Amino acid sequence: MPLPKEVRLVEVGPRDGLQNEAQPISVADKVRLVDDLTEAGLAYIEVGSFVSPKWVPQMAGSAEVFAGIQQRPGVTYAALAPNLRGFEDALAAGVKEVAVFAAASEAFSQRNINCSISDSLKRFEPIMEAARNHGVRVRGYVSCVLGCPYEGKVSAEQVAPVARALHDMGCYEVSLGDTIGTGTAGDTRRLFEVVSALVPREQLAGHFHDTYGQALANVYASLLEGINVFDSSVAGLGGCPYAKGATGNIATEDVVYLLQGLGIATGIDLDRLIAAGQRISSVLGRGNGSRVARARSAQ
Ligand code: HMG
Ligand code: MG
């Protein structure tokens, strides 16, 4: 399949990146991160989560973050909603797009959202209905698409029906998440081959954590499969609280660098993006997880 001319990046750093942080991060620092990302040209930013604060304490201030950010027209500012309560809280905070999240493995579904895969899909139905009534777009996630921290290997055949269910209930796009970053390029190609029999490729996205250093290769493998939407995290922030040892998503800077080299447009200003990543890394008191940012900053 020819490579796409354009790729859309979904910046998940403020949500997937920060949700796992044990240290307190102020609302002001989160707002600054989102504003920096807007300035860098990201067209889609996942700002926070309306989940139980007992489960993910770091996302508790998401409504305040939404209230503080400068929203630029044409940019999507989204949030996760695991249930109707989360959706209603998101709506009250002025959120115009939400994401629901299911898993391809039963054990991860239980640990992450405290219910079975099929119960989670039922729980999303009222969200979809409320979203339709309020003109809110809903994106879907499937976690553990290439491996599960509790069940081990996950087959593409386990992923496909969950992706289809999300698509059929009205998710305009389904992002396939390698939550623990164990997948390799061959498995990634097969995943998209199998899932695209049930959900059109144009409505699929790739979400690769970089735990095993495979994420960039998996993005390239996905491009070869005709996928042109990827989730990534500035400075490679993050991990998942319910997937021990999982590192952050692929760094947005590294994906932008890859795409620039391939002549694929993203609309993102790499220098500004690197500056955004440097700032949040210093707030967190740790090294930047982007190889490109580290190389550029050393020059
Ligand atoms: P539960 O305990 O089964 O829910 O949790 P419940 O309905 O029995 O409620 C329990 C308590 O939570 C109650 O409070 C509710 O009011 C409250 P209490 O009476 O005990 O004081 N509650 C809420 N509070 C705030 N907002 C809400 C909400 N709902 C209930 N929306 C639940 C079920 C889904 C709520 C819980 O398991 C949860 O919040 N899970 C979130 C887990 C999460 O955020 N994980 C990380 C995101 S997923 C991810 O990172 C993967 C992804 O990046 C893709 C990939 O990498 O694969 C997307
Ligand atoms: Mg993730």
Side-chain angles (χ1 to χ4, degrees), residues 10-21 46-63 78-93 95 98-105 107-117 119-124 126-127 130 138-150 154 158-159 162-163 166 171 173-183 188 191 204-211 215 218 229-233 236-252:
V10 169
E11 171 58 49
V12 295
R15 193 280 304 169
D16 207 354
L18 298 185
Q19 70 182 8
N20 206 31
E21 287 293 331
E46 208 170 66
V47 172
S49 288
F50 291 85
V51 297
S52 163
K54 286 188 193 135
W55 287 65
V56 186
Q58 189 62 256
M59 291 289 107
S62 291
L80 295 194
N83 52 20
L84 193 56
R85 153 91 189 270
F87 176 81
E88 282 164 356
D89 290 351
L91 204 61
V95 177
V98 299
V100 294
F101 46 109
S105 97
F108 188 80
S109 184
Q110 290 291 350
R111 303 278 181 123
N112 194 38
I113 49 177
N114 205 23
C115 65
S116 67
I117 299 169
D119 283 349
S120 74
L121 296 171
K122 281 189 210 115
R123 207 181 259 181
F124 299 152
I127 299 183
V138 185
R139 191 170 193 251
Y141 280 108
V142 186
S143 286
C144 295
V145 297
L146 294 168
C148 167
Y150 312 108
V154 172
Q158 282 170 269
V159 178
V162 184
L166 291 171
C171 292
E173 184 170 284
V174 180
S175 173
L176 303 186
D178 183 11
T179 317
I180 55 170
T182 51
T188 299
L191 173 72
L204 291 171
H207 177 112
F208 300 106
H209 286 260
D210 201 30
T211 316
N218 290 340
V229 182
F230 297 98
D231 305 349
S232 61
S233 189
L237 295 173
C240 175
Y242 298 100
K244 212 165 183 291
T247 67
N249 301 80
I250 185 166
T252 310

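None of the values given here were measured: they were computed from a predicted structure. Numbering of ligands and ligand atoms starts at 1, following listing order.
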Would you sort out whether M59 and L80 count as a side chain to side chain contact (heavy atoms under 4.5 Å, CB included), showing the intermediate values? CA-CA 10 Å; M59 291 289 107; L80 295 194; over 6 Å; no

N/O/S atom of D231 under 2.8 Å from the Mg ion (ligand 2), yes or no?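 Given the 2.8 Å cut-off, D231 does not count as a ligand of the Mg ion (ligand 2).
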
Is there at least one pair of N or O atoms, one from [X] and one from ligand 1, spaced under 3.5 Å apart?
| X | value |
| --- | --- |
| R123 | no |
| Q19 | yes |
| Y141 | no |
| S49 | no |
| F50 | yes |

So if I count the atoms of ligand 1 from 1 in the order they appear, which ones are less than 4.0 Å from some heavy atom of [X]?
| X | value |
| --- | --- |
| G86 | 31 (N) |
| N112 | 37 (O), 40 (N), 41 (C), 42 (C), 43 (C), 45 (N), 46 (C), 48 (S) |
| N114 | 1 (P), 2 (O), 3 (O) |
| P53 | 24 (N), 25 (C) |
| L80 | 47 (C) |
| H209 | 56 (O) |

So is A103 touching ligand 1 or not, going by heavy atoms under 4.0 Å?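 Flag not set, A103 not near ligand 1.
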
Tell me whether M59 reaches ligand 1 (any heavy atom closer than 4.0 angstrom to a ligand atom).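 Checking ligand 1 against M59, which is what was asked, there is no heavy-atom contact under 4.0 Å.
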
Name of the D16 atom (N/O/S only) found closest to the Mg ion (ligand 2):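 Looking only at N, O and S atoms of D16, the one nearest the Mg ion (ligand 2) is named OD2.
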
Checking one value in my table: which N/O/S atom of H207 lies closest to the Mg ion (ligand 2)?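 It is NE2 of H207.
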
Are D119 and R123 close enough for a salt bridge, meaning some N to O gap below 4.0 Å?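 Looking at R123 together with D119, the answer is no, because their closest N to O distance does not fall below 4.0 Å.
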
Could you tell me whether the side chain of [X] and the main chain of [Y] form a donor-acceptor pair under 3.5 Å?
| X | Y | value |
| --- | --- | --- |
| N218 | G183 | yes |
| S109 | C115 | yes |
| S143 | A103 | no |
| H209 | I180 | no |

Go through T211 and T182 one step at a time and tell me if the side chain to side chain contact (heavy atoms under 4.5 Å, CB included) criterion holds. CA-CA 7 Å; T211 316; T182 51; over 6 Å; no

Do you know which of D178, V145, N249 makes side chain to side chain contact (heavy atoms under 4.5 Å, CB included) with F208? D178

Will you find, in the side chains of D231 and S175, an N or O donor that is under 3.5 Å from an N or O acceptor? yes

Test: R15 cationic atom under 6.0 Å from Y141 six-membered ring centre, within 45° of axis: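 Checked: cation-pi criterion met.
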
From CA spacing to verdict: side chain to side chain contact (heavy atoms under 4.5 Å, CB included), V100, F87: CA-CA 9 Å; V100 294; F87 176 81; over 6 Å; no

Closest heavy-atom contact between I117 and S105? CD1-C, 3.8 Å

Counting only heavy atoms closer than 4.0 Å, does ligand 1 sit against the backbone of N249, its side chain, both, or neither?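 N249 to ligand 1: no contact under 4.0 Å from either part.
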
Should the proximity of P82 to ligand 1, defined as any heavy atom under 4.0 Å, be assigned to the side chain, the backbone, both, or neither? side chain

Winner among Q58, R85, Q110 once heavy atoms are compared against atom 17 (C) of ligand 1: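 Answer by nearest heavy atom: R85.
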
Pick whichever of V51, D16, L176 has a heavy atom sitting closest to atom 25 (C) of ligand 1. V51

